[in-house]
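The first residue in the sequence is number 1, and the count goes up from there. Here the structure is a predicted model, which is why all the values come from computation and not from measurement.
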Amino acid sequence: MAEVRAITRSTVQAAMEVLAGIRPIHQLARPLDPRCLAALQHRAALIRREITRTGNPALARLHRNSAVRSVRVCEISDGIYEASAVVVDDVRARAVAVRLERSKQVWRVTELVIG
């Protein structure tokens with residue numbers, strides 16, 4: 001369970017950095033399944049486009065200086081876990097839900113929902 005907690009923490013932190021525009025999305029290609037990766041990439045593009053369109057300084061601060069404050073993990077079945085994390089950034093606190101599945105000795109995030 002400690003391994004799942006650590007993977008969740010690092011993956012959530014990296015995802016928030018992608019949304020903030022300070023980490024390239026390809027660094028998450030291994031831990032995220034392709035569908036999650038595409039959804040995260042889409043959300044990051046929408047944020048960048050909206051910042052460019054509006055020039056809103058509050059949007060530019062969104063996801064900046066994100067820090068994972070807590071992670072809770074629950075085993076669903078053998079090799080499948082669900083986790084939640086609380087993330088605080090410059091603008092607000094948010095919840096993140098994650099589902100991890102073990103396949104061929106590798107943990108993959110199969111669901112990533114950022115509130």
Side-chain angles (χ1 to χ4, degrees):
M1 193 165 317
E3 179 185 19
V4 173
R5 187 175 284 109
I7 292 167
T8 299
R9 180 178 293 277
S10 64
T11 302
V12 168
Q13 182 67 47
M16 301 311 290
E17 291 169 3
V18 166
L19 294 178
I22 59 174
R23 179 185 289 261
I25 187 80
H26 70 82
Q27 290 183 358
L28 285 170
R30 182 175 176 178
L32 295 182
D33 79 355
R35 192 179 45 77
C36 289
L37 191 68
L40 182 63
Q41 186 171 24
H42 180 70
R43 183 171 175 163
L46 288 174
I47 292 168
R48 283 193 308 276
R49 185 172 38 199
E50 193 64 15
I51 289 170
T52 301
R53 187 181 72 77
T54 65
N56 185 339
L59 280 177
R61 289 190 1 252
L62 193 63
H63 305 296
R64 295 286 178 183
N65 300 314
S66 292
V68 179
R69 294 291 183 217
S70 66
V71 175
R72 303 246 189 256
V73 176
C74 178
E75 185 175 18
I76 302 303
S77 64
D78 191 38
I80 300 175
Y81 285 80
E82 290 185 350
S84 63
V86 175
V87 179
V88 178
D89 61 33
D90 283 353
V91 178
R92 58 183 270 198
R94 68 185 71 241
V96 180
V98 178
R99 183 179 179 100
L100 297 103
E101 297 181 18
R102 190 172 187 114
S103 173
K104 299 178 187 170
Q105 305 306 314
V106 176
W107 287 103
R108 296 288 298 242
V109 173
T110 58
E111 291 291 335
L112 176 67
V113 180
I114 300 171

Which ring pair (Phe, Tyr, Trp, His ring centres under 6.0 Å) pairs, counting each pair once, include a residue from residues 35-55, with sequence neighbours left out?
none

Taking the side chain as every heavy atom from C-beta outward, state whether Met16 and Ile114 have any atom pair closer than 4.5 Å.
yes

Give the C-alpha distance, both sets of side-chain angles, the deciding distance and a yes or no for side chain to side chain contact (heavy atoms under 4.5 Å, CB included) between Arg102 and Val4.
CA-CA 10 Å; Arg102 190 172 187 114; Val4 173; over 6 Å; no

Residue pairs fulfilling side-chain hydrogen bond (donor to acceptor under 3.5 Å, both in side chains) with at least one residue in residues 5-15, sequence neighbours excluded
Gln13-Glu17

Partners of Arg94 by side-chain hydrogen bond (donor to acceptor under 3.5 Å, both in side chains), sequence neighbours excluded?
Asp89

Are Met1 and Val106 in one and the same hydrophobic cluster, where Ile, Leu, Val, Met, Phe, Trp and Tyr link if side-chain heavy atoms are under 4.5 Å apart?
no

Identify all side-chain donor-acceptor contacts of residues 25-41 below 3.5 Å with residues at least two apart in sequence or on another chain.
| from | atom 1 | to | atom 2 | distance (Å) |
| --- | --- | --- | --- | --- |
| Gln27 | OE1 | Arg23 | NH1 | 2.7 |
| Asp33 | OD1 | Arg35 | N | 3.4 |
| Asp33 | OD1 | Cys36 | N | 2.9 |
| Arg35 | NH2 | Thr110 | O | 2.7 |
| Arg35 | NH2 | Glu111 | OE2 | 2.8 |

With sequence neighbours left out, write down each residue that passes side-chain hydrogen bond (donor to acceptor under 3.5 Å, both in side chains) with Arg49, or none if nothing qualifies.
none

Return a table of donor-acceptor pairs under 3.5 angstrom between the side chains of residues 69-88 and protein atoms on other chains or two or more places apart.
| from | atom 1 | to | atom 2 | distance (Å) |
| --- | --- | --- | --- | --- |
| Glu82 | OE2 | Arg99 | NH1 | 2.6 |

Residue list, salt bridge (Lys or Arg N to Asp or Glu O under 4.0 Å) with Arg48, at least two apart or on another chain:
none

